[in-house]
2 protein chains.
Amino acid sequence: MVEKTKPATLGDVARLAGVSIATASKALNGRAQVRESTREKVMRSAEALSFVPNPLARGLLSGTTGTVGLLTSDLEGRFSIPIMMGAEDAFGAGSTSVFLCDARGDAIREQHQVRALLSRHVDGLIVVGARPDPRPSLAGDINVPVVYAYAPSEDPDDSSVTSDNVQGGRLAAEHLLSTGRRSIGIVTGDRGYGAAHDRLAGALTALHDAGVEPVQDALFGSWSEGWGRGAARVLLEARPDLDGLICGSDQIARGAMDALRELGREIPDDVAVIGHDNWEVLAMNARPPLSTIDMNLQELGRRAAGMLFDAIGGSPTHGVEKLPCRLMVRGSTTPTS
Amino acid sequence: MVEKTKPATLGDVARLAGVSIATASKALNGRAQVRESTREKVMRSAEALSFVPNPLARGLLSGTTGTVGLLTSDLEGRFSIPIMMGAEDAFGAGSTSVFLCDARGDAIREQHQVRALLSRHVDGLIVVGARPDPRPSLAGDINVPVVYAYAPSEDPDDSSVTSDNVQGGRLAAEHLLSTGRRSIGIVTGDRGYGAAHDRLAGALTALHDAGVEPVQDALFGSWSEGWGRGAARVLLEARPDLDGLICGSDQIARGAMDALRELGREIPDDVAVIGHDNWEVLAMNARPPLSTIDMNLQELGRRAAGMLFDAIGGSPTHGVEKLPCRLMVRGSTTPTS
DNA sequence: AGCGTCCGCGAAAAGCATTTCGGTAGTTTC
DNA sequence: GAAACTACCGAAATGCTTTTCGCGGACGCT
């Protein structure tokens, strides 16, 4: 059943080409001390045997493995998958592969996974946090470069890349302003999340710059549809003149839209709503489709991979790099006309 | 900055313990020809140096690497992540690690990823399809065991594990029947999906066994909230006496619930609704929380890992193994009283 | 005391690619 | 024609662990 095609070794190639193993290696790796005719002979032999160098043997000598670990705590894969795809892109398929491990939000498990990865001699580590707030730096003596993605490290000396929440908040507010809204409310999530405050700060700055004040203080709650519904009701009761709503997440926005519609408001004609995350299954299925802020997670993964690559190459970066968000305009802020 | 703690080698351990490398290896691997006192001495030395055997050197000899590839085409990670977590569980963290690759639904890319994984000498492959229908067997000469998860292989000689959609459909119908519903409608997704037909068949069987017929033929459409809304409206118009609704996915169920509510129906008092997938972000945030069918994806991953492990060990399984679904009862089918 | 046994340990090879260094043949220079 | 090069190629070491095989010593038995 299983084909026993044992992979060809360098020795097989050398024998077929009628040269020594050393020469074959040099020919395949583009070393200089090989005659062109010999090189071609070796190349053809390698092709014929479909030879691929054994990465273990190679790694044993060089001390590197061509693998990196991606350690996530994001159970649902909401953030990890796009980041991982970006990283895959950046590493260029083939030369570097990614071990994905899930720590499931458990510090013990995280340590365990780190050890497992280190014992596999990964060349580097990307740590993806479960929430966008700073997280503790990885303890223990890691002897490979580490890049923190999405959730930056608390240690400013570490290398981190994250989404610019302030800019994202500003983007949302500016968009509502640009559609002519002036009675704008803000509903966001858990007060314990720094990202909630950052996004809020960005939005307030944009409003202030335009000479507009929010209809009332921002409402904090949780990152859920239920909270979005409740908050929208409260807000509309207090300020029936509301014509724009900035939500801290797409989940909140979905809830708020449901509540607004049930209270007889048309979206976007009466009230424009904008979310944050661009969680497509939520945003695209909203009525109307939800305008939102995209955090560019794939780009974030690419950048993280790039930084890790540089660090492996010997030129590490320090501090937190913030990547700008992107505005996704859909029906919830602009009439479909 | 970076600690240059070079990993200890077996030679270091042996020197510290005052024995030969060979003895140290045997002591650590539980071989018999070692005196107990010597073994303890070696163990202590290994502990002191926090020695971990270099997996490359070990793999070089054994021909195995202690890694498996998990190849997915599931962009959103909706299915892959739970499956991967299950696989991680089963492999027992540490001894076997998982390379996750995303083919992004592209056959070319898939071949490419397979080659990359094979060149890394993975011990086995788990292929997770994007949809639950059978998929083509992996082409090319793979010389390692392959297990297909979620989407079975078209080749009955391959080893596959998938969710039992017929049983899941039956479970949904039986649950509605058990709450006393007798005017039951069925809305499902894309007609091109075998899973849609399987779930439907299971539901019809259960209804038939209870002497109940669905209010009308099942409605096929797409796996979206929009279709759920539209279908629910059509169905309710034709059959105002509807008191139970089986949906082919949680997205459809969410849409249907919105439409039912807007048409003045109370859930679950007037109409009970049940979904399929247990996609928590959708199901838990519904009003009321959505009863649904859970496909036990994590268990599916565990099983896939187990089958792969057996195949690596030399006793492969053949054919498709179907894992039962699980009923999740929430507020959309039972009064909260 | 001498022979046979068994236990415990170590030397060495195997697994594969890379690299250094030494060597051979051919070519140039005086 | 001999010395000095150059250009190519091959032997061997390197990295680390596992395993086989053999050796030495200790113990028991006669």
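The figures here come from the full heavy-atom set of this structure, side chains too, leaving out hydrogens, waters and symmetry mates.
- In this structure, A:Gln33 places its CD atom 16 Å from P of D:dA11, rounding to the nearest Å.
- When the nucleotides D:dC16, D:dG15, D:dT18 are ranked by their closest atom to the side chain of A:Leu61, D:dG15 comes out on top.
- Listed by first and then second residue, the ring-ring contact (aromatic ring centres under 6.0 Å, His included) pairs involving residues 125-157 of chain B are B:Phe79-B:Tyr150 (not counting sequence neighbours).
- Distance CZ (A:Arg120) to P (D:dC16): 18 Å, rounded to an integer number of Å.
- A salt bridge does not link A:Arg109 to B:Glu88: none of the charged side-chain nitrogens sits closer than 4.0 Å to a carboxylate oxygen.
- Remark: A:Arg35 is not in phosphate contact with D:dC8, judged by side-chain N or O atoms under 4.0 Å from OP1 or OP2.
- Atom pair A:Leu60:CG and D:dT14:C1' shows a separation of 9 Å (rounding to whole Å applied).
- Across the helix from C:dA1-D:dT30 to C:dC30-D:dG1, the helix axis at one end is tilted relative to the axis at the other end by 60° (nearest 10 degrees, each axis from five pairs).
- If you check the side chains of B:Ser159 and B:Thr317, you find a donor sitting under 3.5 Å from an acceptor.
- Contacts classified as salt bridge (Lys or Arg N to Asp or Glu O under 4.0 Å) and involving residues 18-37 of chain A (residues at least two apart or in different chains) are given here: A:Glu36-A:Arg39.
- Between B:Arg31 and D:dT19 there is a side-chain N or O to OP1 or OP2 distance below 4.0 Å.
- For the OP1/OP2 pair of D:dT18 and a distance below 4.0 Å, the side-chain nitrogens and oxygens of B:Asn29 include at least one atom meeting the criterion.
- As judged by a 4.0 angstrom heavy-atom cut-off over every strand, A:Thr38 is placed among residues touching the sugar-phosphate backbone only.
- Nearer the 5' end of DNA chain C, as judged by each residue's closest nucleotide, is the contact made by B:Arg39, out of A:Val52 and B:Arg39.
- Classification of A:Arg104 and A:Asp106 as a salt-bridged pair fails, no side-chain N sitting under 4.0 Å from a carboxylate O.
- One can place NZ of A:Lys26 at 8 Å from P of D:dG10, the figure rounded to the nearest angstrom.
- Within the structure, a side-chain polar atom (N or O) of B:Ser25 is placed less than 4.0 Å from OP1 or OP2 of D:dT18.
- For residues 42-56 of chain B, no residue pair satisfies the side-chain hydrogen bond (donor to acceptor under 3.5 Å, both in side chains) rule, not counting sequence neighbours.
- Residue order along DNA chain C, read from the 5' end via each residue's closest nucleotide, puts B:Ala22 first among B:Ala22 and A:Ala8.
- Screening residues 296-316 of chain B for side-chain hydrogen bond (donor to acceptor under 3.5 Å, both in side chains) gives B:Asp89-B:Arg302, B:Asn296-B:Arg326, B:Glu299-B:Arg302, B:Arg303-B:Glu321 as the qualifying pairs, with residues at least two apart or on separate chains.
- For the atom pair OG1 of A:Thr72 and CD of A:Gln113, the computed distance is 10.5 Å after rounding to the nearest 0.5 Å.
- Taking the 5' to 3' direction, DNA chain C first and last meets chain B under 4.0 angstrom from a heavy atom at C:dG8 to C:dC16.
- Look at CG on B:Leu10: it is 18 Å from P on D:dT14, rounded to the nearest Å.
- The only member of B:Ile312, B:Thr64, B:Leu118, B:Asp123 that meets side chain to side chain contact (heavy atoms under 4.5 Å, CB included) when paired with B:Val144 is B:Leu118.
- Among D:dA11, D:dC16, D:dC8, the nucleotide with an atom closest to any side-chain atom of A:Ser20 is D:dA11.
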